[in-house]
Amino acid sequence: MFALPLGEDGAELRPLETWHAAEFLAHIERGRDFIGTYITFGQSVVDEESARELLCDYGAKRVADTGFLYGIWDGCGRPGGGTLVGGVLFRVFDAATGVCEIGCWLEPAGTGRGLVTRACRVLADWAFHERHMHRVEWWAVSANTASIAVARRLGMRREAVLRESYPRGGVRHDSEGWAVLAHEWAARNEDGPHP
């Protein structure tokens with residue numbers, strides 16, 4: 001099975017596949033309110049069938065080379081192979097234009113240890129170095145300070161604020177667009193990884 005270590009703490013990045021539907025559902029149920037604050041599938045994945053549908057949709061995107069979905073498993077050195085605590089994705093992947101968008105989510109048990117930043121660094125490295133993308137984007141609700149902090153740690157620049165563009169929970173939220181370009185990523189990372 002494909003798995004990339006995310007550091008010395010036993011966390012791993014792995015593709016989320018349709019056969020993970022029950023595990024994905026259990027993960028969403030553990031963190032539904034937290035995940036669902038800003039992530040749509042935090043509310044729409046309600047049973048194993050809807051979990052499988054979401055994973056199938058991303059399987060089709062992977063085949064079409066338009067999107068990819070990965071899980072973050074914590075405690076992989078322990079018996080049982082670890083627990084799914086979150087994930088990262090290429091929500092949009094357009095190889096023809098060289099533009100993609102990275103996103104993320106976590107349940108509360110996965111927060112505060114830099115798992116998302118490490119996982120997103122892996123995705124950005126792959127996008128720039130393996131797929132020769134020109135631009136990696138990040139979109140987040142302005143109130144989602146944890147997500148904005150990841151964009152900053154990745155060396156992205158805020159390029160846009162779309163006022164009241166994201167309706168969620170009966171409220172219209174501002175959205176922020178952040179991005180890093182290939183030459184900026186290369187310059188920032190030429191002296192080694194950054195925390």
Side-chain angles (χ1 to χ4, degrees), residues 1-48 50-59 61-62 67-91 93 100-127 130 136 138-141 143-156 178 189 192-195:
M1 171 180 28
F2 163 94
L4 289 174
L6 291 175
E8 303 296 320
D9 58 359
E12 291 182 350
L13 184 66
R14 305 178 201 159
L16 266 169
E17 306 284 358
T18 53
W19 53 273
H20 290 120
E23 187 175 10
F24 184 62
L25 174 62
H27 154 63
I28 294 296
E29 287 178 345
R30 285 191 305 271
R32 185 173 305 283
D33 291 338
F34 186 77
I35 295 167
T37 302
Y38 300 112
I39 305 297
T40 305
F41 65 70
Q43 300 302 324
S44 63
V45 171
V46 294
D47 54 25
E48 203 167 323
S50 56
R52 188 172 291 104
E53 282 178 22
L54 178 83
L55 298 175
C56 279
D57 288 348
Y58 269 91
K61 284 184 172 194
R62 184 178 61 240
F68 304 87
L69 186 65
Y70 303 93
I72 299 172
W73 274 264
D74 192 22
C76 295
R78 295 190 303 256
T83 303
L84 179 64
V85 295
V88 293
L89 71 157
F90 286 107
R91 197 186 71 76
F93 196 89
C100 60
E101 178 191 342
I102 293 176
C104 67
W105 75 94
L106 281 174
E107 66 179 74
T111 61
R113 297 187 3 246
L115 295 173
V116 162
T117 301
R118 289 184 267 162
C120 288
R121 191 168 282 120
V122 169
L123 264 59
D125 274 339
W126 180 81
E130 298 296 323
V136 173
W138 186 276
W139 285 91
V141 170
N144 190 347
T145 56
S147 184
I148 300 294
V150 173
R152 282 192 177 104
R153 283 192 294 274
L154 293 172
M156 294 183 167
W178 293 69
N189 293 289
H194 296 264

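Note that these values count all heavy atoms, side chains included, but never hydrogens, waters or copies made by symmetry.
Between the Arg32 side chain and the Val45 main chain, a donor and an acceptor come within less than 3.5 Å of each other. Not one N or O on the side chain of Thr111 forms a donor-acceptor pair closer than 3.5 Å with the backbone of Glu107. For the pair Arg30 (side chain) and Val85 (backbone), a donor-acceptor distance under 3.5 Å is absent. In this structure, the side chain of Arg91 does not engage the main chain of Ile102 through any donor-acceptor pair within 3.5 Å.
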| said: Working note: Leu106 + Ile35, criterion side-chain contact (heavy atoms from CB on, under 4.5 Å); need CA distance, chi angles, decisive distance, verdict. | reply: CA-CA 6 Å; Leu106 281 174; Ile35 295 167; over 6 Å; no
| task | Using the side-chain contact (heavy atoms from CB on, under 4.5 Å) rule, take Leu154 and Trp178 through it: C-alpha gap first, then chi angles, then the decisive distance, then the call. | result | CA-CA 10 Å; Leu154 293 172; Trp178 293 69; over 6 Å; no
| message | Checking Thr37 against Asn144 for the side-chain contact (heavy atoms from CB on, under 4.5 Å) test, could you report, in this order, the C-alpha distance in whole Å, the side-chain angles of both residues, the deciding distance, and whether it holds? | response | CA-CA 9 Å; Thr37 302; Asn144 190 347; over 6 Å; no
| Pair Arg118-Leu13, side-chain contact (heavy atoms from CB on, under 4.5 Å): steps then yes or no | CA-CA 9 Å; Arg118 289 184 267 162; Leu13 184 66; over 6 Å; no
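Checked against ring-ring contact (aromatic ring centres under 6.0 Å, His included), Phe93 has the following partners two or more places apart in sequence or in another chain: Phe68, Phe90, Trp126. Legend: residues meeting ring-ring contact (aromatic ring centres under 6.0 Å, His included) with Tyr70, ordered by chain and number and at least two apart, are absent.
Separation of atoms CD1 (Ile28) and CG (Asp47) is listed at 12.5 Å; rounding is to 0.5 Å. Expressed to the nearest 0.5 Å, how far CD of Glu48 lies from CG of Leu55 amounts to 10.0 Å. Taking CZ of Phe41 as the start and CG of Asp57 as the end, the distance is 12.0 Å to the nearest 0.5 Å. Atom CD of Glu12 sits about 8.0 Å away from atom CG of Leu6, to the nearest 0.5 Å. With values rounded to the nearest 0.5 angstrom, His27 atom NE2 is found 12.0 Å from His20 atom NE2. Of the inter-residue distances, the one linking Leu69 atom CG with Glu17 atom CD reads 9.0 Å to the nearest 0.5 angstrom.
By the 30° and 60° cut-offs, the orientation of the rings of Phe24 relative to Trp105 is perpendicular.
When all heavy atoms of Leu115 and Gly110 are compared, the closest pair comes out as CD1-O, 3.5 Å. Heavy atoms only, all atoms of each residue included: Pro108 and Gly31 are closest at CD-CA, 4.0 Å. Contact between Leu89 and Cys104 at its shortest, heavy atoms only, is CD2-N, 3.9 Å. Closest of all the heavy-atom pairs between Trp138 and Ser147 is NE1-OG, 2.9 Å. For Gly71 against Leu16, the heavy-atom pair with the smallest separation is N-CG, 3.6 Å.
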